[in-house]
Amino acid sequence: MSSVLSIPASESHRDIARELMQRFAATAVERDERGGTPKAERDALRESGLLALSIPSEFGGGGADWRETLDVVRLLAQADSSLAHVFGFHHLMLATVRLFARPVQWQPWFEQTARRRWFWGNALNPLDDRTVSSAHEGWREFTGQKSFCSGALDSEMLIASAREEGSGAFIVAAVPTGRSGIFVAPDWNNIGQRQTDSGSVTFEKVRVEQHEVLADPGPLSTPFACLRPLVSQLVLANIYLGIAEAAFNDARHYTLHESRPWHTAHVSQMHEDPYVLGHYGDFWVGLESVRVLADRAADRLDAAWRLGPALTEAERGDVAVAVATAKVAATNTGLDICTRMFDVAGARATHGGLRLDRHWRNLRTQTLHDPVAYKLRELGEWALKQQYPVPTFYS
């Protein structure tokens, strides 16, 4: 294996992503029905070099900013939102070590990720307090379970969290997935996002070395460290947008090539029906609005990221408002299109073999993990009282 997997100069990140899109789309329906781990597709992501996309070039990575990285997430989501999810969360985990740890920690991890084609998985889930950490001289023990651990299966590294025994302090660490005592269960079987491997991880007296603990500056400790949840939220917004774009494209194909007009429409082709055209007009306005909002939020995130530790609370707050706005718009527009697509595709589009319902199932499953009503409340606080969202792992 070469020391660093680089992207050929003749191919851009988007070119590579589009090649993967075609490959992933060809089997998306079959894999959605099957569920489980998309091993071949994850290996294709490893071979592509895109797992190093957001890593700075001086550490062997692609040197992409967040706008470029999120563009790739969105493209992959158009083909398969499960793969976009594990890919996006991989880069979120890299952002986590960058934001919560010291350079002496994150720099070697970045270099090894680029060189060894590591996939990072998630076992952080701040709402699940079942994993407990006890302190020992020079190391910690993690024991307990975590749920909703996206991408943990078939990963090389995990971001894991635990509550400190006694004090309840929130401890985050980066550990090898294959370490003794870590058991990743293939128990994810939900109606959507069926190949994100978002099941459970069990820690049985796992030894975590002190240099693996992300304590300086630590979780959500500074305005810069508080960019982590905004990266997470914007990854999800771009997944939602990619799903909506996929639903739109599938509906459009069916309207143009398969659907039949209603007998009282008095038109010969479905695409001549004025009501159908009205639906597509709504779809287009919604998609264009979310695209603009998502790109604007990504640009603001990049500007904040470049400021690093100099970032202020107000500057971080401006990014939070932009990200929340994009996330709400992506949720509402996506759910609308994934539902109404059948109004323009017709009854034949509900054939089980097409599995066009997967777009709604994927989006509905993911959006329930972070209720949009609470995002709207945060935005209401901003719109009415000019109060920024309070930083949490979800805002």
Side-chain angles (χ1 to χ4, degrees), residues 1-17 19-20 42-76 83-122 124 150-152 154-160 172-177 211-212 214 216-217 224-225 227-232 234-235 238-239 298-299 301-309 311:
M1 184 181 298
S2 61
S3 60
V4 175
L5 181 63
S6 61
I7 295 173
S10 59
E11 291 189 283
S12 71
H13 306 141
R14 290 177 64 87
D15 290 337
I16 294 171
E19 291 173 10
L20 289 174
R42 287 176 66 110
D43 283 346
L45 284 168
R46 287 183 171 97
E47 292 298 319
S48 73
L50 292 178
L51 294 184
L53 180 60
S54 67
I55 294 175
S57 56
E58 58 264 38
F59 304 111
D65 59 18
W66 284 113
R67 174 76 176 268
E68 294 174 277
T69 302
L70 293 166
D71 279 348
V72 171
V73 171
R74 188 188 308 177
L75 284 170
L76 295 178
L83 291 167
H85 183 115
V86 296
F87 175 79
F89 268 43
H90 161 84
H91 288 285
L92 171 63
M93 297 305 110
L94 292 174
T96 303
V97 299
R98 170 66 182 86
L99 293 169
F100 292 177
R102 291 170 289 121
V104 70
Q105 294 174 290
W106 62 260
Q107 289 179 1
W109 281 325
F110 276 16
E111 290 172 346
Q112 291 180 72
T113 297
R115 182 181 306 115
R116 300 183 181 182
R117 310 175 189 183
W118 280 354
F119 229 123
W120 287 67
N122 173 43
L124 190 149
S150 296
D154 189 42
S155 67
E156 282 74 34
M157 293 290 290
L158 283 178
I159 297 294
V172 178
V175 295
T177 309
H211 69 266
E212 296 172 325
L214 313 183
D216 183 9
F224 185 53
L227 289 180
R228 194 271 184 189
L230 305 186
V231 174
S232 172
L234 203 47
V235 165
N238 278 275
I239 293 171
D299 289 340
L301 174 62
D302 275 323
W305 192 269
R306 287 191 291 270
L307 289 174
L311 185 72

Which pair of non-hydrogen atoms, one from [X] and one from [Y], has the smallest distance, and what is that distance?
X	Y	answer
Ala44	Leu20	CB-CD2, 4.0 Å
Glu68	Gly63	OE1-O, 4.4 Å
Leu214	Ala101	CD2-CB, 3.7 Å
Pro103	Pro108	O-CD, 3.8 Å
Glu156	Arg117	OE1-O, 4.0 Å
Ser150	His85	OG-NE2, 3.0 Å

### Task
Before giving the answer on side chain to side chain contact (heavy atoms under 4.5 Å, CB included), spell out for Val231 and Trp305 the whole-Å C-alpha distance, their side-chain angles and the decisive distance to 0.1 Å.
CA-CA 10 Å; Val231 174; Trp305 192 269; 4.3 Å; yes
Side-chain touch [X]/[Y], heavy atoms, less than 4.5 angstrom:
X	Y	answer
Met157	Arg116	no
Trp120	Thr96	no
Phe87	Leu51	yes
Gln105	Val97	no
Thr113	His90	yes
Leu76	Leu83	no
Asn122	Leu92	no
Val86	Asp154	no

Hey, what do you get for [atom1] ([X]) to [atom2] ([Y]), rounding to the nearest 0.5 Å?
X	Y	atom1	atom2	value
Leu227	Trp66	CG	CH2	10.0 Å
Ser155	Trp118	OG	CH2	11.0 Å
Arg98	Gln107	CZ	CD	8.5 Å
Leu124	Phe89	CG	CZ	10.0 Å
Gln112	Ile55	CD	CD1	10.5 Å
Asp216	Arg102	CG	CZ	6.0 Å

#### Entry: Exam field: side chain Glu111 to backbone Phe59, donor-acceptor pair closer than 3.5 Å
no
### Query
Does any N or O in the side chain of Asp71 come within less than 3.5 Å of the main-chain N or O of Arg14, such that one atom is a donor and the other an acceptor?
no
### Task
Please assess Thr69 against His91 for the test side-chain hydrogen bond (donor to acceptor under 3.5 Å, both in side chains), listing each intermediate value before the final yes or no.
CA-CA 8 Å; Thr69 302; His91 288 285; 5.3 Å; no
